[in-house]
Amino acid sequence: SCFGAQKSKKKDKALILKAYQERVSMRGIARLFSISRGKLAAWIKEHVQEMPDLQETLLPFQPGDVLELDEMWSFVLKKANKRWVWTAMCRRTRQILAFAIGDRSEKTCRRLWNRIPVAYRGCLAYTDFWKAYQKVIPSEQHIPVGKESGQTNHMERWYCTCRQRQARYV
């Protein structure tokens with residue numbers, strides 16, 4: 001029946017998306033499930049658009065919250081196409097509050113800062129000594145520190161986990 005075919009299609013689509021989340025390559029999924037990479041890419045985009053906005057998933061701000069901000073280098077296709085992933089994390093909840101992708105400029109840092117929910121923008125913010133942070137974050141709440149201080153350990157650990165677990169990112 002037509003209804004049975006639709007149900008089977010939905011089940012297959014869910015299985016295919018699950019395989020993608022489990023780090024099977026797009027090329028591998030296309031071969032295993034006999035679908036085109038274009039169709040898979042469309043399904044992934046559709047799936048991502050259905051997800052809730054980052055702001056909707058965050059736990060509420062509490063007095064005394066502290067931020068850790070850092071940036072991580074990567075590239076797209078070749079090393080000449082450098083990209084920096086900038087993130088802000090709440091130390092208490094370990095949630096990523098905001099992110100920005102771009103170069104290592106003040107402009108990208110400002111974009112990150114402006115994406116942090118307003119309630120969190122008054123928190124103390126620990127960063128490395130990169131000059132862009134000093135230009136963007138108000139000096140009364142900005143605390144630049146070295147890695148040896150341990151004040152950005154959670155952010156550094158998150159980046160390490162990204163590199164270890166997300167083959168597509170590595």
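Each residue takes its place number in the sequence, starting with 1. All figures in this text were calculated on a predicted structure; none of them were measured in a lab.
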- request: Test H154 against W158 for side chain to side chain contact (heavy atoms under 4.5 Å, CB included), laying out the working first.
  value: CA-CA 6 Å; H154 303 103; W158 189 81; over 6 Å; no

query: Any side-chain heavy-atom pair from T127 and V145 closer than 4.5 angstrom?
result: no

- prompt: Can you tell if the side chain of F61 reaches within under 4.5 Å of the side chain of C123, non-hydrogen atoms only?
  reply: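 Result yes, sub-4.5 Å side-chain heavy-atom pair found.
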
Tell me whether [X] shares a hydrophobic cluster with [Y], the cluster being built from Ile, Leu, Val, Met, Phe, Trp, Tyr side chains joined at under 4.5 Å.
X	Y	answer
V66	L97	no
Y126	Y120	no
M26	I35	yes

Ring pair (Phe, Tyr, Trp, His ring centres under 6.0 Å) against Y159, all qualifying residues, sequence neighbours excluded: none

message: I'd like to check the ring pair (Phe, Tyr, Trp, His ring centres under 6.0 Å) partners of Y133; sequence neighbours left out, ordered by chain and number.
response: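 Y133 satisfies ring pair (Phe, Tyr, Trp, His ring centres under 6.0 Å) with W86 only.
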
Shortest non-hydrogen contact between [X] and [Y], atoms and distance:
X	Y	result
I101	R83	CG2-CB, 4.3 Å
A30	S36	CB-C, 4.5 Å
T57	P52	CG2-CG, 3.9 Å
L59	Q95	N-OE1, 2.8 Å
D103	S105	OD1-OG, 2.5 Å

Would you check if the side chain of [X] reaches a backbone N or O of [Y] as a donor-acceptor pair within less than 3.5 Å?
X	Y	result
T152	M155	no
E68	R91	no
T161	R157	yes

- prompt: Out of L15, D12, L40, which residue meets the side chain to side chain contact (heavy atoms under 4.5 Å, CB included) rule with F33?
  reply: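 The residue from L15, D12, L40 that satisfies side chain to side chain contact (heavy atoms under 4.5 Å, CB included) with F33 turns out to be L15.
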
- prompt: Going through the distances and angles, do T87 and L69 end up as a side chain to side chain contact (heavy atoms under 4.5 Å, CB included)?
  reply: CA-CA 6 Å; T87 51; L69 286 76; over 6 Å; no

message: Test of understanding: with salt bridge (charged side-chain N to carboxylate O under 4.0 Å, His left out), list the residues that count as partners of D65, not counting sequence neighbours.
response: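 D65: salt bridge (charged side-chain N to carboxylate O under 4.0 Å, His left out) contacts with R92.
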
task: Begin from the C-alpha positions of L124 and L67 and carry the test side chain to side chain contact (heavy atoms under 4.5 Å, CB included) through to its verdict.
output: CA-CA 6 Å; L124 287 179; L67 304 182; over 6 Å; no

Nearest-0.5 Å distance that lies between atom [atom1] in [X] and atom [atom2] in [Y]:
X	Y	atom1	atom2	answer
K135	I137	NZ	CD1	13.5 Å
S34	I16	OG	CD1	9.0 Å
Q134	H142	CD	NE2	6.0 Å

task: Find out whether the Lys NZ or Arg CZ of R104 is both under 6.0 angstrom from the six-membered ring centre of W130 and within 45° of the ring's axis.
output: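 Yes - R104 lies over the ring of W130, closer than 6.0 Å to its centre and within 45° of its axis.
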
field: Any pair counted as salt bridge (charged side-chain N to carboxylate O under 4.0 Å, His left out), so long as it reaches residues 41-52, sequence neighbours left out
entry: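 For residues 41-52, and leaving out neighbouring residues, the salt bridge (charged side-chain N to carboxylate O under 4.0 Å, His left out) pairs sorted by first residue read K13-E46.
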
Qualifying salt bridge (charged side-chain N to carboxylate O under 4.0 Å, His left out) pairs, either residue in residues 141-151, two or more places apart: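 For residues 141-151, and leaving out neighbouring residues, the salt bridge (charged side-chain N to carboxylate O under 4.0 Å, His left out) pairs sorted by first residue read K147-E156.
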
CA sep, side-chain torsions, deciding dist, call: V136, E106, side chain to side chain contact (heavy atoms under 4.5 Å, CB included): CA-CA 7 Å; V136 173; E106 179 185 340; 3.8 Å; yes

Anything under 3.5 Å between a donor and an acceptor, one on a side chain of residues 112-119, the other on a protein residue two or more places apart or in another chain? List them.
residue : atom : partner : partner atom : Å
N114    : ND2  : R110    : O            : 3.3
R115    : NH1  : F99     : O            : 2.8

